[in-house]
Every structure is written in C-alpha cells, then in structure tokens.
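Reckoned from all heavy atoms, side chains included, excluding hydrogens, waters and symmetry mates.
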Amino acid sequence: MLTRDENFNFRAAYWSVLHSLLYEALPPEIVRWGHTFLSYSVSDDKTRVSVKTKSLQTDDIIDVVGDLLIAADGCLSSIRRSFLPDHKLRYSGYCAWRGVFNFSDDENSETILGLKKAFPDLGKCLYFDLGLGTHAVFYELLNKRINWIWYVNQPEPQLKGNSVTMKVSPDMIEEMHAAAERVWVPELVKVIRETKEPFLNVIYDSEPLDRIVWDNVVLIGDAAHPTTPHGLRSTNMSILDGAVLGKCLEKWGVENLTSALEEYEFTRVPVVSEQVLFSRRLGRIKQGLALPNRVDQPFDPIIASQEECEELQQKNMPFLLDIPSIILGDII
C-alpha cells in the first residue's frame, strides 16, 4: 500500500439523481426537451440575448430571448469557441477505459467475492491501483455496482462528433482485456472482462481561462474549466459555479447584471484554475509522465518515497474545503 487517507470524506452520486434534483427544483415547463442549440446573438445595447434552437421532432426553429445566456455546454463548448476561437483543448497523453459491473443478480458470485477479498475495504472507500505508467480507480456504487476506470497512455485518437467518448469495436475490447491480464491482479481483470459494454473516454483539459464572462454571456462547468478527472472535482466545481452564480445574481439583481457577473468571475476563476492544474499534475504523476520538476524521474510506485506517495492524496487539492464567502453567509 502506497498511501491511505482515512479522513477523506467523499460521496458519489448517480447523474440521474443529480439531474432529478435539479429538474424538480425548477418551475414546470422551464426545460425544453428534445431541442438542439443552433446559435445565439447579443443585442446591440448588450441587454438581451437571443438563442436559436431546433426541435429534434419537428425541425421547428424556436427563438428564446432572455437577460443572460449561461453556457453549460461542456468541455467542447461551442459558445466558448465563439469568444476564444484559438483556445484548444490539451490532450492529456492518455485515455480511460470505463465500465460499470452489475452484480445485483448475484452478489455472492465468485467474481465479486474474489474482488472483495483482494480489496477488503471495497464499499467503504475509493481504490486507486497504480502500475508502472498506468493506474485504475474503482469503487462500489449504490444498487450493487462497481464503477471502474483504467487510464492507458496512448497517442491522441481522432474523435468524431461532439463527444470525448469513443465507439469501441469488439477487437479493441479484446485487446484491452489482454492488456489488463498483463497489468492487474486476476480479481480485477475478472471484473473488467465480465463488464458489459465498456467504453473509452479521451482525456482532455485546457489551460485555465483568464475570463469566463463576456457581456451577458457566462461560462460555467466544463465549458469554463475543462479538467481531467483525477482531482474528483469536475462535478463539484460545476455545482459550485452554479451556486456562486445564483448567489451573485440574487445579490445584485438583473438591473446590476454586470456587477453580478464580475463577482462570479472574480470568485471562481482563481479557484478553478488551481484545481485544473492540480488535477493535471496528479494525473501525470499516476501515469508516469514527465513533470516540469521531474522530467527524467517519472513516478515509479515500486521505488517511490513516502513523500512522493503522500503527494497522491486527494486532500492536497487546492481549496478542497473552501466554501465561497457568498455562500458561507447563508450557512452562518
């Protein structure tokens, strides 16, 4: 065991649960299902934003006019690109094989009992398994499922469409299974082999942005700060973006929109910038890739010092326990 953090308080949730909570908190009929974003325009006096969408069922074009456009369109954000056409995502140097192993039909199967024997704290923690130039993450979800992620160094694949998830062929899956046999313990390999429909994510981030607001258009979430997943903060960062933006709008009101967006940007940019860079560094350490201060000595779990191992702990994330002051006021 390289390192262990008994006091790391972590919670995982299904996307469907988060989406339901958000949806149920909104007024009825506020969400337009089955529409795709086409374009937007800002009025000459910078007071209104018009968004053009298309119904996927009828092909009808619909215009929506509002005071503010909040761009939450992900790491490949087309709205961000309209302001920063030369800003490129940075390929991390590796991709992630992912899958969810469902053992709800037989929780006493040889596969799951073997995994829990090899990793006795499964269900009570996150496991990070490090090899030479690779690492895997796995943990138990609700409803008798194991979520696993395996990061593999490789040249950047060619993506098609507006997604960082690649379609994989049966041959690619077989090659992945064979590679897993060479790297991981048999108990983990068995879970990987028995997982239905594994998929491949291409891992990107970007250099932190100096600004995330233009007039009455604002970026939040991965659109504002594409990040690698190693800091376990992407969703948390997005939720805090939304919470801080909401509090700023509540504080200043629509009549002072510029002040509200300035405070939001001033509050979030320094925080998310450091978190993106920390997550990048953590990923490169675990994948045995070069670091600015460690070009010729990539991390090797076999010979790593205690200090190097402690650097892997999630509690080192900048602003890990920070609560923005605009939110803290309500808590106090």
Side-chain angles (χ1 to χ4, degrees), residues 1-6 8 10-14 92-154 165-166 168-203 228-232 279 282-289 298-304 308-309 311-314:
M1 182 179 297
L2 298 179
T3 187
R4 184 182 180 100
D5 186 356
E6 294 284 0
F8 181 58
F10 181 81
R11 296 289 184 273
Y14 287 110
S92 65
Y94 48 90
C95 294
W97 279 98
R98 303 191 59 174
V100 176
F101 175 68
N102 184 349
F103 62 96
S104 60
D105 290 338
D106 188 1
E107 56 187 280
N108 293 312
S109 68
E110 179 184 342
T111 299
I112 197 64
L113 291 179
L115 186 70
K116 289 190 172 184
K117 183 177 180 180
F119 301 95
D121 287 327
L122 194 65
K124 298 180 289 185
C125 72
L126 283 79
Y127 272 101
F128 296 87
D129 203 350
L130 273 67
L132 188 60
T134 188
H135 78 286
V137 185
F138 49 99
Y139 51 93
E140 187 172 342
L141 297 169
L142 296 174
N143 303 321
K144 310 297 181 183
R145 287 164 171 79
I146 300 294
N147 187 42
W148 60 265
I149 309 159
W150 174 21
Y151 297 95
V152 180
N153 296 341
Q154 65 176 70
T165 299
M166 287 183 59
V168 293
S169 66
D171 287 345
M172 292 172 67
I173 295 174
E174 280 303 311
E175 290 176 9
M176 180 268 289
H177 288 165
E181 297 273 4
R182 299 190 293 269
V183 177
W184 304 121
V185 296
E187 294 85 356
L188 181 56
V189 172
K190 194 169 177 62
V191 169
I192 292 173
R193 279 192 170 276
E194 293 181 17
T195 298
K196 297 178 180 179
E197 299 181 354
F199 57 96
L200 192 65
N201 277 356
V202 186
I203 306 301
T228 58
H230 311 292
L232 309 179
S279 184
L282 194 57
R284 294 189 68 81
I285 291 173
K286 291 180 177 181
Q287 289 301 108
L289 299 173
F299 182 81
D300 184 341
I302 303 299
I303 61 173
E308 288 176 317
C309 292
E311 191 177 359
L312 301 173
Q313 293 189 353
Q314 297 292 332

query: Is it true that the side chains of Asn153 and Tyr94 contain a donor and an acceptor less than 3.5 Å apart?
result: no
message: I'd like to know if the side chain of Asn102 pairs up with that of Ser104 as donor and acceptor (distance under 3.5 Å, no hydrogens or angles considered).
response: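 Asn102 vs Ser104: donor-acceptor pair found between side chains.
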Taking the side chain as C-beta and beyond, is there a heavy-atom pair between [X] and [Y] under 4.5 Å?
X: Gln287; Y: His230; value: no
X: Asn108; Y: Leu113; value: yes
X: Ile203; Y: Asn201; value: yes
X: Phe128; Y: Lys286; value: yes
X: Ile192; Y: Phe101; value: no
X: Pro198; Y: Trp148; value: yes
X: Glu187; Y: Lys117; value: no
X: Leu289; Y: Phe299; value: no

Closest approach of [X] and [Y], non-hydrogen atoms and distance?
X: Ile149; Y: Ala96; answer: CG2-CB, 3.8 Å
X: Phe103; Y: Arg145; answer: CE2-N, 3.4 Å
X: Pro298; Y: Gly288; answer: CB-O, 3.1 Å
X: His135; Y: Trp150; answer: O-CD1, 3.6 Å

field: side-chain hydrogen bond (donor to acceptor under 3.5 Å, both in side chains) contacts touching residues 172-185 (sequence neighbours left out)
entry: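 Output for this query lists Glu181-Arg193.
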message: Pair Thr134, Val183 - check side chain to side chain contact (heavy atoms under 4.5 Å, CB included), show working.
response: CA-CA 9 Å; Thr134 188; Val183 177; 3.8 Å; yes
task: Please lay out, stage by stage, how Leu200 and Arg98 fare under the test side chain to side chain contact (heavy atoms under 4.5 Å, CB included).
output: CA-CA 6 Å; Leu200 192 65; Arg98 303 191 59 174; over 6 Å; no
field: All side chain to side chain contact (heavy atoms under 4.5 Å, CB included) counterparts of Tyr127, not counting sequence neighbours
entry: Phe119, Pro120, Asp121, Leu122, Cys125, Phe138
With rounding to the nearest 0.5 Å, note down the distance linking [atom1] in [X] to [atom2] in [Y].
X: Ile112; Y: Glu194; atom1: CD1; atom2: CD; answer: 9.5 Å
X: Ile173; Y: Glu197; atom1: CD1; atom2: CD; answer: 8.5 Å
X: Ile146; Y: Leu188; atom1: CD1; atom2: CG; answer: 10.0 Å
X: Leu126; Y: Gln314; atom1: CG; atom2: CD; answer: 8.0 Å

query: Run the side chain to side chain contact (heavy atoms under 4.5 Å, CB included) check on Val137 and Tyr151 step by step: do they pass?
result: CA-CA 9 Å; Val137 185; Tyr151 297 95; 4.1 Å; yes
field: Partners passing side chain to side chain donor-acceptor pair (under 3.5 Å) against Thr228 (at least two apart in sequence or in another chain)
entry: Ser279
- prompt: Given Val191 and Thr111, is the side chain to side chain contact (heavy atoms under 4.5 Å, CB included) satisfied, shown in steps?
  reply: CA-CA 7 Å; Val191 169; Thr111 299; 3.7 Å; yes
